[in-house]
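Written out below as C-alpha cells is the structure these notes cover.
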Amino acid sequence: MKILIINGPNLNMLGIREPGVYGTESYADLVRYLETACAELGVEAEVWQSNHEGAIVDKIQQAYGTADAIVINPAAYTHYSIAILDALKAVSLPAVEVHLSDIYQREPFRHVSYPAMACEKSVYGKGFAGYREAIEYLFAKYG
Ligand code: DQA
C-alpha cells in the first residue's frame, strides 16, 4: 500500500514556530517519525510538504492512479481552502485529515475544516502520534 502524506504551509517551521502549540521537534523529526512508522507497518510512504495551495492541489491530483490513500495536514488551508477540498473529492481516494494541535480548542476561525468534508476521519491534538493513527486506520481498512 502506498500512502501520500501531505503537509501544508509553515509545517516546515516545526520546532521554531510556536513551540508552546506545536512542540519543539523539527519538521525533519516529523519526517523521520513518519518514515519509521510506515516502515514498521510495511506501508510505502511519500512525505511531502508545501507552503503553496496550488502545489498542494497539483500533488493531490497526481495521487490519482499513483497512491492508494492520502494523509493530509493542510495547516492553515484547512480553514478556507475549497480548492483542496475539491481536489480531494476529485481524486476520491481514502483520506484522513491530521492536525498536531486540537483545532477545536483554539480560536473560533480554526473550528471549520473544509478538507474534513472529503476525509473519512480527522485526528487532532495528538501531535506526531496523530499521523500514526491516521496511517494505521488507512492500512487496517485498505492495506
Ligand atoms: C495545524 C492547525 C492549523 O490551524 C494551523 O494553521 C497549522 C497547523 C495543526 O497541525 O495543528 O498550521 O494544522
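As the structure lists them, so they are numbered: ligands from 1, and atoms in each ligand from 1.
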Give every pair made of an N or O atom of ligand 1 and a protein N or O atom lying under 3.5 Å apart, one pair per line with both atom names and the distance to 0.1 Å, or write 'none'.
from: ligand 1; atom 1: 4 (O); to: H79; atom 2: NE2; distance (Å): 2.6
from: ligand 1; atom 1: 4 (O); to: R110; atom 2: NH1; distance (Å): 2.8
from: ligand 1; atom 1: 6 (O); to: A76; atom 2: N; distance (Å): 3.2
from: ligand 1; atom 1: 6 (O); to: R110; atom 2: NH1; distance (Å): 3.1
from: ligand 1; atom 1: 10 (O); to: N73; atom 2: ND2; distance (Å): 2.8
from: ligand 1; atom 1: 10 (O); to: L100; atom 2: N; distance (Å): 2.8
from: ligand 1; atom 1: 11 (O); to: L100; atom 2: N; distance (Å): 3.3
from: ligand 1; atom 1: 11 (O); to: S101; atom 2: N; distance (Å): 2.9
from: ligand 1; atom 1: 11 (O); to: S101; atom 2: OG; distance (Å): 2.6
from: ligand 1; atom 1: 12 (O); to: R17; atom 2: NH1; distance (Å): 3.1
from: ligand 1; atom 1: 12 (O); to: R17; atom 2: NH2; distance (Å): 3.1
from: ligand 1; atom 1: 13 (O); to: N73; atom 2: OD1; distance (Å): 2.8
from: ligand 1; atom 1: 13 (O); to: H99; atom 2: ND1; distance (Å): 2.8

Is K121 atom NZ crowded by more than 12 heavy atoms from other residues, nucleotides or ligands, each under 6.0 Å away?
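Result for NZ/K121: enclosed.
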With a sphere of 6.0 Å drawn around NZ of K2, does it hold more than 12 non-hydrogen atoms of other residues, nucleotides or ligands?
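Yes - once you tally the heavy atoms of other residues, nucleotides and ligands closer than 6.0 Å, there are more than 12.
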With sequence neighbours left out, which residue pairs that include part of residues 21-69 fulfil the ring-ring contact (aromatic ring centres under 6.0 Å, His included) condition?
Y33-F128
Given E53 and N51, is the side chain to side chain donor-acceptor pair (under 3.5 Å) satisfied, shown in steps?
CA-CA 7 Å; E53 185 179 20; N51 293 324; over 6 Å; no
Answer with yes or no whether the hydrophobic clustering places I72 together with M1; edges join I, L, V, M, F, W, Y residues whose side-chain heavy atoms lie under 4.5 Å apart.
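Different clusters: I72 never reaches M1 through Ile, Leu, Val, Met, Phe, Trp or Tyr contacts under 4.5 Å.
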If the plane angle is over 60° it's perpendicular, under 30° parallel, otherwise tilted; pick one for Y104 and Y124.
perpendicular
